[in-house]
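As the structure lists them, so they are numbered: ligands from 1, and atoms in each ligand from 1. Keep in mind that this is a model prediction, so the values were computed, not measured.
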Amino acid sequence: MQNHSNLLDIGVIGLGVMGKNLALNIADNEYKVAAFDLDNHKIDGLLKQEESERLTGKSQRIEGCSNLSEMLSRLSKPRILVLSVPAGAPVDGVCGALLAAGIESDDIVIDTGNSLWTDTVAREAQYAGQFVFFSCAVSGGEMGARFGPSLMPSGDRKAWDRIKPIWEAIAAKVDPTTGLPIERQAPGHSVKEGEPCTTYIGPAGAGHYVKMVHNGIEYADMQLICEAYQLLSDGCGMTAAEISEVFERWNRGSLNSYLMEISADVLSQADPITGKPLVEMILDKAGQKGTGLWTAVSSLQIGCPAPTIAEAVYARAVSTQKSQRKQLSQLLAGPSVAALTDAERCEFIDQLESALYCAKVACYAQGFQLMAMTAVENKWQLDFAEIAKIWRAGCIIRATFLQSITKAYQEARANGDELVNLLMAESFSSALSSKQLDWRQAVAKAILSGVPVPCIGSALAYYDSYRSETLPANLLQGQRDFFGAHTFERVDAPAGEKYHLNWSHSVRTIEKL
Ligand code: 6PG
């Protein structure tokens, strides 16, 4: 409910790309916004943009503030303040400044950055009693923030009740019958119908954790597409434009996703300077801001296999070692590969499409399993159908595939089952069974051609590990017991019973501990 006083509804602090666009989105939805940034030019830029985009007959909805005290005085109480500043020290910096400016105990501060989830947990406790520290991870980049992001809020429930109407208004919307995003509006407009891509995730930290895993999946999904690109270019000798067409075709099938769509676009772009495909002029060194790494570290810490996500982080790391790669490309031998016939190439493209789909399922299975294990550890009640639902639009990994994940969790719940691993959902297990041979062919072709496919390959190893009732960890336990008396369990004894063999004795005997 918008207020009709001359006080404003919500403050946005930090007017970088995300903060500016969130402010405009909130204003499009008829809330009155107080905006602040340390850089006055950013405030002016926002006000000018709002003015130029404002529809005829609509009044100004964003007001610039020259400091935080002014912002606090302009907001209706209890206040809602959105922080859009870089993760880490800047968040505490602004919180400290808000305390100095007179923020009150029932005011809500929402951290919308990519903060480390454990920092969020600590901050909620640290600021308790001084103000309500709430968090909401935001996905969707610049356009998402402007026209409808996916929002992952967590923290104090009562604070969520106050924020919810604004969040539901500004979030991306999905058509509930098709599961497809409702087309984004032009500036000045808002979308009222559809299911909003936001839901209360859980207690403090849960939203940032879920967003962190979203980003881990994002890293893996991007790397999977990049591996397909390298296979088609280096392995099949195709041009960027030809690969773009393949990606466009895949994007019309089960691989439909925002990341596939933009990859096709990137590949079709010519470099305005040389006229060559732009992708060939972009240096092959990937950047990263850390959320994929955090996901991989979290998976290792909790003991949840997420090899495809971890490999995506390593792939970015190896990409940065350009000079070593340059040197070793002259030193290390690879296979010599015969050119493919047209028919072989067509067959391979189809196999690769299946491989990409299967690897994608495995990668999402890893991400969801990781969230599930962390939820148990932290006593969070995560609703995975809802999480998949709010990723169907607005966010970077949005894809029709998310609708299938939503359904898998909903069906399991309807049957009274808990979907421990997405690979157990019938819709996915049957698709993987029918496509797995193509997946193997694609990985085999990559290996024989000397094209690295760390993510497509590790996803296949993940699949094969989970379909193996027996793994060689029996030998591993034998090794550990041999050199370190670390003991082992027996297949013919109750779980938890420990045994040790006296390996160094001339007569080797077994003892039960
Ligand atoms: C999003 C993105 C966004 C961004 C990350 C990852 O959901 O909007 O995940 O958060 O892309 O910052 O960036 P890096 O690739 O630089 O780590």
K.L.:
When you measure from the heavy atoms of Gly140 to every atom of ligand 1, does any distance fall below 4.0 Å?
P.N.:
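Yes, Gly140 has heavy atoms under 4.0 Å from ligand 1.
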K.L.:
How far is atom 15 (O) of ligand 1 from the closest protein heavy atom, and which atom is that?
P.N.:
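Its nearest protein heavy-atom neighbour is Arg316 NH1, 2.8 Å.
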K.L.:
Taking atom 3 (C) of ligand 1 as the point of reference, which of His214, Met212, Met152, Lys211 owns the nearest heavy atom?
P.N.:
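Nearest heavy atom to atom 3 (C) of ligand 1 lies in Lys211.
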K.L.:
Looking only at non-hydrogen atoms, find the nearest pair between Val82 and Thr112 and report the distance.
P.N.:
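The answer is CG1-CG2, 3.6 Å.
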K.L.:
What protein heavy atom sits nearest atom 17 (O) of ligand 1, and how far away is it?
P.N.:
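Closest protein heavy atom to atom 17 (O) of ligand 1: Tyr219 OH, 2.5 Å.
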K.L.:
Between Phe384 and Tyr409, what is the ring plane arrangement, given parallel below 30°, perpendicular above 60°, and tilted in between?
P.N.:
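Because their plane-to-plane angle lies in the 30° to 60° range, the rings of Phe384 and Tyr409 count as tilted.
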K.L.:
Closer than 4.0 Å to some heavy atom of Gly141 - which atoms of ligand 1 meet that?
P.N.:
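The list of qualifying atoms is 8 (O).
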K.L.:
How are the rings of Trp439 and Tyr463 set to each other: parallel, tilted or perpendicular (split at 30° and 60°)?
P.N.:
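Answer is tilted, since the angle falls between 30° and 60°.
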K.L.:
Is Glu63 salt-bridged to Lys32, going by a charged N under 4.0 Å from an acidic O?
P.N.:
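Between Lys32 and Glu63 there is no salt bridge, as every charged N stays at least 4.0 Å from the carboxylate O atoms.
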K.L.:
Run the numbers for me: atoms of ligand 1, each under 4.0 Å from some heavy atom of Ile396, listed by number.
P.N.:
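Listed by number with element: 1 (C), 2 (C), 7 (O), 8 (O).
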K.L.:
Step by step, would you call Tyr209 with Trp380 a ring-ring contact (aromatic ring centres under 6.0 Å, His included)?
P.N.:
CA-CA 11 Å; Tyr209 190 85; Trp380 298 334; 5.8 Å; yes
K.L.:
Gly292: heavy atom below 4.0 Å from ligand 1, yes or no?
P.N.:
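No.
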K.L.:
Counting distance only, does the side-chain N/O of Ser465 pair as donor-acceptor with the main-chain N or O of Ala461 below 3.5 Å?
P.N.:
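Present.
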K.L.:
Looking at the rings of Phe401 and Tyr364, which for Trp means the six-membered one, are their centres under 6.0 Å apart?
P.N.:
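Yes, they do, as the ring centres are separated by less than 6.0 Å.
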K.L.:
With atoms numbered from 1 as shown, which atoms in ligand 1 lie under 4.0 angstrom from a non-hydrogen atom of Gln288?
P.N.:
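Counting from 1, the qualifying ligand atoms are 16 (O), 17 (O).
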K.L.:
What is the nearest protein non-hydrogen atom to atom 16 (O) of ligand 1, stated with its residue, atom name and distance?
P.N.:
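The closest one turns out to be Lys289 NZ, 3.1 Å.
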K.L.:
Please write down residue, atom name and distance for the protein heavy atom closest to atom 5 (C) of ligand 1.
P.N.:
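Protein heavy atom with the smallest distance to atom 5 (C) of ligand 1: Asn215 ND2, 3.6 Å.
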K.L.:
To the nearest 0.1 Å, how far is atom 7 (O) of ligand 1 from its closest protein heavy atom, and which atom is that?
P.N.:
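Here the closest protein heavy atom is Ser139 OG, 2.4 Å.
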K.L.:
Any side-chain donor paired with an acceptor under 3.5 Å for Gln366 and Thr308?
P.N.:
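Judged by distance alone, the side chains do pair up.
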K.L.:
Can you tell which of Met143, Glu218, Glu142 gets a heavy atom nearest to atom 11 (O) of ligand 1?
P.N.:
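Checking each option, the heavy atom nearest atom 11 (O) of ligand 1 is found in Glu218.
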